[in-house]
Amino acid sequence: MAHTDHQTMRRVLRREIAGTIGVLTDDHDFRAMRRYRSFTFDDHATYLRQLEAVLRARAAQGTHTTLALFDPEDYAAYCADTGLDPEAPASRTRYTAELAATGPTIPYDGRPLADLLPALVDEAVRQATWEYATTLLTRLGPCPTCGEDIGRAAFTRASELLVRILDTAPPGDRHLVCTVSGPPDTLLSVLHADQDPHGATRLDEAEALEFTSVLALGLATRSPGGLVMRTSATGTADRVYGWRLRGGALEPLTASEVFDAYCTDVETGDLIPPESGVDYREPPALGEESTAPDHRH
């Protein structure tokens, strides 16, 4: 009887343990892991099917699982830094545990991996973009004239601008895209700001943080770029408008400029037929106090 009780308690405890699985999302990373003899999978598609079966089984047992992006190059560097044997399965387990604490993750919610893996990759890109933008903002340091932290001031201003943009937007679900060009890389950030039935705006905190950081970097470094918003609401045409980033400020785009931007292929420069049911227009006024730099650092 005591033995049965112990088995029952252990089953209960196993359901209380949350797990993280590091996933090789593409064939390139999968091939990179095959150099390790202890990694016994031969085919990426089979690997994903087996992984999905494990995830479904854990979910059926009431066990929560988190998916993390397993990067073979980062894993090799981790093993070199920690002195672990990269051939040992235990080393992969320790690396995955590290990912659970510091890396991009998403919960397994029962959806097919074909739907979850793009979301995991997007989360990884979002975190990398936020970390990169934050690093560059930090490196700007204090203003030599007034001593104010340039990056922190730009982030505050970008936050205020985002609030103003959302406050002046028409009702509906909003899709915002911000790009900042210039050396060494062009950064792109996307933010979804949906409205609930009561009209309140719902934001994903991680998305908003990344978006604000990218906008702040463009403002602080006076880099060229742009911010475009598309609003969708039932029964009305989608509305599209935006601003260009220039000289550390947001300048409104004309309706024709927005139309040209949406109807031109970015890579080839060829014209794209305009979408039906889309209203290209000028943005609402944000107020000079919101768009103009408070201080010329």
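This is a predicted model, so every value here is computed, not measured.
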Hey, does Ile165 have a side-chain heavy atom less than 4.5 Å from the side chain of Trp243? yes
message = Closer than 4.0 angstrom, basic N to acidic O: yes or no for Glu123 and Arg126?
response = yes
Sorted by chain and number, sequence neighbours left out, salt bridge (charged side-chain N to carboxylate O under 4.0 Å, His left out) with Arg31 holds for Asp27
Q: May I ask you to check whether over 12 heavy atoms, not counting those of Arg202, lie within 6.0 Å of atom CZ?
A: yes
| message | Pairing donors with acceptors under 3.5 angstrom, does anything connect the side chains of Ser232 and Asp238? | response | yes
When rounded to the nearest 0.5 Å, the distance separating OG1 of Thr179 from CG of Leu245 is 7.5 Å
Check your understanding: Taking atom types as modelled and ignoring hydrogens, do the side chains of Asp42 and Tyr47 form a donor-acceptor contact shorter than 3.5 angstrom?
Key -> no
Short side-chain donor-acceptor distance under 3.5 Å, Glu282 and Thr254:
no
Open item on the list: Side chains of Pro86 and Ser91, heavy atoms from C-beta outward: is any pair under 4.5 Å?
Closed with: no
So, Thr231 versus Arg174: side-chain donor-acceptor pair below 3.5 Å or not? no
Distance col, row Arg94:CZ vs Tyr78:OH, nearest 0.5 angstrom, shows 4.5 Å
Closest heavy-atom pair, Gly147 versus Pro142, reported as atoms and distance to 0.1 Å, is O-CB, 3.6 Å
What I want to check is whether the side chains of Arg49 and Thr46 have a donor and an acceptor closer together than 3.5 Å.
yes
**Message:** Are the side chains of Thr66 and Ile106 in contact, using a 4.5 Å heavy-atom criterion?
**Reply:** no
- Item | Exceeds 12 heavy-atom contacts within 6.0 angstrom, atom CZ of Arg244 | yes
Inset, instruction - State whether Asp173 and Arg230 are salt-bridged, where the test is any N-O pair (Lys NZ or Arg NE/NH1/NH2 against Asp/Glu carboxylate O) under 4.0 Å. - result: no
In terms of heavy-atom contacts, Thr134 and Ser213 come closest through OG1-OG, 4.1 Å
Residues Tyr241 and Thr168: closest non-hydrogen pair is OH-O, 4.3 Å
From the list Gln50, Arg56, Arg58, side chain to side chain contact (heavy atoms under 4.5 Å, CB included) with Val54 holds only for Arg58
- prompt: Can any side-chain N or O of Thr236 pair as donor or acceptor with the backbone N or O of Ala233 at less than 3.5 Å?
  reply: yes
Q) Under the 3.5 angstrom rule, does the side chain of Thr156 hit a backbone N or O of Arg152 as a donor-acceptor pair? A) yes
